[in-house]
4 protein chains.
Amino acid sequence: MSPRTTAQNAVIRQQSQRKIMDAAFSLIAKNGYEATSIAMIASQAGVSKGLLYNYFDSKEDLVKQLVYSIIEIGDDNIGQIESLDPKEAMSMIFNWFFTEIREKADHWRLLTALTMNIERFDFVHEIVIAKMQEYVSLLEKLLAELGYDDPLGEARVIAALFDGIGLQALIAREDYYLNDLEQFMLNKYCK
Amino acid sequence: MSPRTTAQNAVIRQQSQRKIMDAAFSLIAKNGYEATSIAMIASQAGVSKGLLYNYFDSKEDLVKQLVYSIIEIGDDNIGQIESLDPKEAMSMIFNWFFTEIREKADHWRLLTALTMNIERFDFVHEIVIAKMQEYVSLLEKLLAELGYDDPLGEARVIAALFDGIGLQALIAREDYYLNDLEQFMLNKYCK
Amino acid sequence: MSPRTTAQNAVIRQQSQRKIMDAAFSLIAKNGYEATSIAMIASQAGVSKGLLYNYFDSKEDLVKQLVYSIIEIGDDNIGQIESLDPKEAMSMIFNWFFTEIREKADHWRLLTALTMNIERFDFVHEIVIAKMQEYVSLLEKLLAELGYDDPLGEARVIAALFDGIGLQALIAREDYYLNDLEQFMLNKYCK
Amino acid sequence: MSPRTTAQNAVIRQQSQRKIMDAAFSLIAKNGYEATSIAMIASQAGVSKGLLYNYFDSKEDLVKQLVYSIIEIGDDNIGQIESLDPKEAMSMIFNWFFTEIREKADHWRLLTALTMNIERFDFVHEIVIAKMQEYVSLLEKLLAELGYDDPLGEARVIAALFDGIGLQALIAREDYYLNDLEQFMLNKYCK
DNA sequence: TATGAATGAGACTTCATTCAT
DNA sequence: TATGAATGAAGTCTCATTCAT
């Protein structure tokens with residue numbers, strides 16, 4: 001019997017990696033990094049502990065790859081926005097944000113949880129801060145075009161608001177008044 | 001050696017408990033729950049590990065008591081505010097908030113970090129949500145008195161803003177533009 | 001009930017350390033470093049695995065302390081020899097060596113085994129080489145005084161002989177002809 | 001694709017086995033038995049881990065076969081020597097020994113290292129002792145013919161010397177005075 | 001014959017907790 | 001009240017070995 005082909009192996013490898021990363025993602029998002037053990041991840045992924053180390057150098061490495069895969073997904077949004085007229089752009093940003101919060105709550109949860117762990121995962125920290133800066137700049141530009149008195153101050157407030165809403169949504173879950181907040185903000189900034 | 005009186009013992013007990021909780025607080029706020037060991041706490045408190053278990057049933061119990069003690073400290077502020085005129089009250093709340101962020105960053109850090117660990121410390125979760133609700137109600141009342149159109153919506157925004165600013169201040173540390181934000185908000189809501 | 005006194009604790013600590021080091025010593029001398037697990041050491045010492053780490057930072061640290069304790073024991077012999085007349089001195093060195101081989105075979109075994117592990121325990125390596133050099137120098141001096149043609153060459157031969165006999169004794173155990181060799185060498189060099 | 005003939009298969013088998021044993025040899029000689037993993041051996045041999053288990057029952061079995069193959073290589077030397085005149089024979093043995101030490105240091109290293117692991121590889125132990133005995137007998141015969149007083153004692157000394165020099169050469173590496181020792185011994189025993 | 005993904009026992013180590021004193 | 005030596009469960013990670021292909 002001949003051995004598996006390279007292509008077959010590639011498929012198998014990718015499937016296993018996917019299973020492990022999915023398990024790691026949901027568990028860490030729910031319980032945090034320290035409270036999630038390799039044994040739990042392997043068990044939820046339906047593989048042996050050992051296999052995990054075929055694909056990731058360490059628990060830390062697994063989390064890093066997890067973060068990178070999440071970040072990549074969210075990356076291409078800003079470019080599209082720059083060309084729109086300011087009001088539409090604002091409205092699009094808000095829409096994007098609330099959609100994100102609703103549909104990818106776990107991404108936020110994971111990143112927020114890891115950001116707290118500054119000592120160990122300062123690269124997440126760096127990334128998150130950089131992202132935030134980027135959004136503040138974009139908002140500032142739009143708000144200036146819309147004629148606001150203090151566009152930078154206002155942009156910072158909106159950025160803080162995003163973080164706060166994200167955090168609250170994370171904590172409150174089910175019954176959080178996301179819709180109300182969204183309406184309120186659209187009225188305030190995009191009317 | 002005459003035995004200690006009951007009163008003396010009570011004093012000793014309280015001092016030891018205080019030392020332990022202070023040590024636990026500063027260590028956990030800095031390094032997180034999982035990264036802080038009982039040995040570290042006992043060592044920094046200057047007591048033995050054994051003694052710690054005279055006063056607290058477990059590490060988890062110690063953290064619970066810690067959280068309760070922090071929450072209590074912050075509790076008596078709301079009462080004083082109710083009697084003021086709305087503008088002063090708003091201004092006082094903002095002032096209280098920014099002072100809190102500046103001077104008790106560690107309290108925030110601890111609570112936020114624990115809140116992430118929902119599975120294990122869901123009581124923190126409950127408390128934090130209840131507090132938030134309380135503040136939203138107070139703000140709503142004040143904003144209504146100040147004639148805002150949608151006082152509830154606005155109150156929720158402010159509450160989210162507080163959380164967001166708190167989170168960002170936590171993450172960004174040194175160079176965060178707290179002063180600018182404070183001025184901006186005072187201008188906006190208390191002028 | 002009052003806690004143990006410092007002195008009591010010191011005794012307890014020393015006893016436990018002794019038990020652990022003795023167990024580690026005999027097991028590693030017999031099986032080698034890699035083939036001896038912490039679990040085996042703890043079990044033979046009659047303590048828990050955890051206790052071992054109260055006294056030693058790591059398995060490697062345990063071995064280092066083991067080696068240092070062995071080396072210290074053997075250290076004070078050379079000084080006493082220098083003052084004797086050459087023949088007596090030679091005889092004393094031989095006597096010391098054969099006694100050592102006979103009575104502390106396990107010391108030799110441990111050091112030889114670790115010396116093989118150059119990558120990990122190069123400090124043993126260094127120590128062993130330095131010791132060897134020291135002995136060669138001493139022997140050279142004595143042989144020169146005894147009128148040998150090539151005292152350095154002869155000293156090197158004797159040093160190699162010591163190592164060879166040590167190694168063979170290690171390997172052959174029970175039935176090795178140590179006595180015969182001792183007689184032969186005393187006749188040859190100290191007559 | 002016509003199936004391979006039995007003969008072709010035999011060739012392939014032997015080549016693969018050779019590659020594996022060569023890799024195992026160089027790695028274990030360098031790093032020791034425990035520090036050399038099956039994965040390393042397979043990788044250096046350019047075959048899969050699975051294939052290795054087609055030819056060897058276990059890691060231990062691989063090492064055994066390795067040792068046997070090394071021993072066999074060294075085996076045919078003694079026969080040739082018996083017919084020479086004693087002085088030439090002695091000189092030849094010495095020459096053979098020093099050549100061995102110089103050019104096949106890795107063989108020595110491997111055997112010595114394994115010999116230390118008596119528990120696990122006692123067969124190496126047995127073999128080495130038997131060899132040693134054989135050489136002692138041969139030397140004794142030659143030394144008797146050369147008229148030495150105590151040929152057995154002298155033979156044992158030479159055997160021990162060989163072991164000692166081998167060990168020291170192993171430990172000291174680069175700067176060891178092999179040449180000096182060789183000259184010294186040739187002068188002493190073959191002049 | 002040959003591959004390498006997968007397993008699982010076992011290695012070292014940490015740490016909350018207990019208990020004799 | 002107070003100590004700290006001792007425990008043991010659980011954590012991360014390694015690696016010889018198996019097996020479907």
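On a predicted model such as this, the values are computed, not experimentally measured, just so you know. Chain identifiers are assigned alphabetically (A, B, ...) following the order of the sequence lines, protein sequences preceding nucleic acid strands; residue numbering begins at 1 within each chain.
Comparing A/Ser48 and D/Leu52, the nucleotide of DNA chain E nearest to each residue sits closer to the 5' end for D/Leu52.
Non-hydrogen atoms lying under 4.0 Å from DNA chain E are contributed by nothing in residues 19-29 of chain B. Heavy-atom distances under 4.0 Å link DNA chain E to A/Asn9, A/Ile12, A/Arg13 of residues 6-14 of chain A, given in residue order.
Stem regions for DNA chain F, each three or more consecutive Watson-Crick or G-U pairs with both distances under 3.5 Å and listed by first number, read E:2-21 with F:2-21.
For the pair A/Gln15 CD and E/dA6 C1', the computed distance is 14 Å after rounding to whole Å. Protein atom OH of A/Tyr55 is 8 Å distant from nucleotide atom C1' of E/dA6, rounded to whole Å. Spacing between atom CD of D/Gln17 and atom P of E/dT1 amounts to 10 Å, rounded to whole angstrom units. Here the P atom of nucleotide F/dA5 and the CZ atom of C/Arg18 are 18 Å apart, to the nearest Å.
A donor-acceptor contact shorter than 3.5 Å links the side chain of A/Thr112 to the backbone of A/Trp108. The main-chain N or O of A/Thr36 is found under 3.5 Å from a side-chain atom of A/Lys59 such that the two form a donor-acceptor pair. Between the D/Arg109 side chain and the D/Leu170 main chain, a donor and an acceptor come within less than 3.5 Å of each other.
Within the 4.5 Å cutoff, the side chain of A/Asp106 has no heavy atoms near those of the A/Leu110 side chain. Using a 4.5 Å cut-off on side-chain heavy atoms (C-beta onward), C/Ile41 and C/Leu62 make contact. Within the 4.5 Å cutoff, the side chain of B/Asn54 has heavy atoms near those of the B/Leu51 side chain.
Of the side-chain N and O atoms in C/Ser16, none sit less than 4.0 angstrom from OP1 or OP2 of F/dA5.
Sorted by first and then second residue, the ring-ring contact (aromatic ring centres under 6.0 Å, His included) pairs with a member in residues 2-27 of chain C read C/Phe25-C/His107; sequence neighbours excluded. The ring-ring contact (aromatic ring centres under 6.0 Å, His included) contacts involving residues 30-63 of chain C comprise C/Tyr33-C/Phe121, where partners must be two or more places apart or lie in separate chains.
By the 6.0 Å contact criterion, CD on C/Glu60 is enclosed, its count of non-hydrogen atoms from other residues, nucleotides or ligands being greater than 12.
Residue D/Asn31 comes nearest to D/Ala35 through the heavy atom pair O-CB, 3.3 Å, listed as atom of the first residue, atom of the second, then distance. Annotation for C/Met21 and C/Ser69: closest pair CE-OG, 3.9 Å, computed over non-hydrogen atoms. Nearest heavy atom pair, residue C/Ser26 against residue C/Gln44, reads OG-NE2, 3.1 Å.
Salt bridge present: A/Arg120 and A/Glu34 bring a charged side-chain N and a carboxylate O closer than 4.0 Å.
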Inset, instruction - Quick one, give me the B/S/- string for nucleotides 9-15 of chain F, reading 5' to 3', where B means a protein heavy atom under 4.0 Å from the base and S means that only happens at the primed atoms, P, OP1 or OP2. - result: -BSSBBB
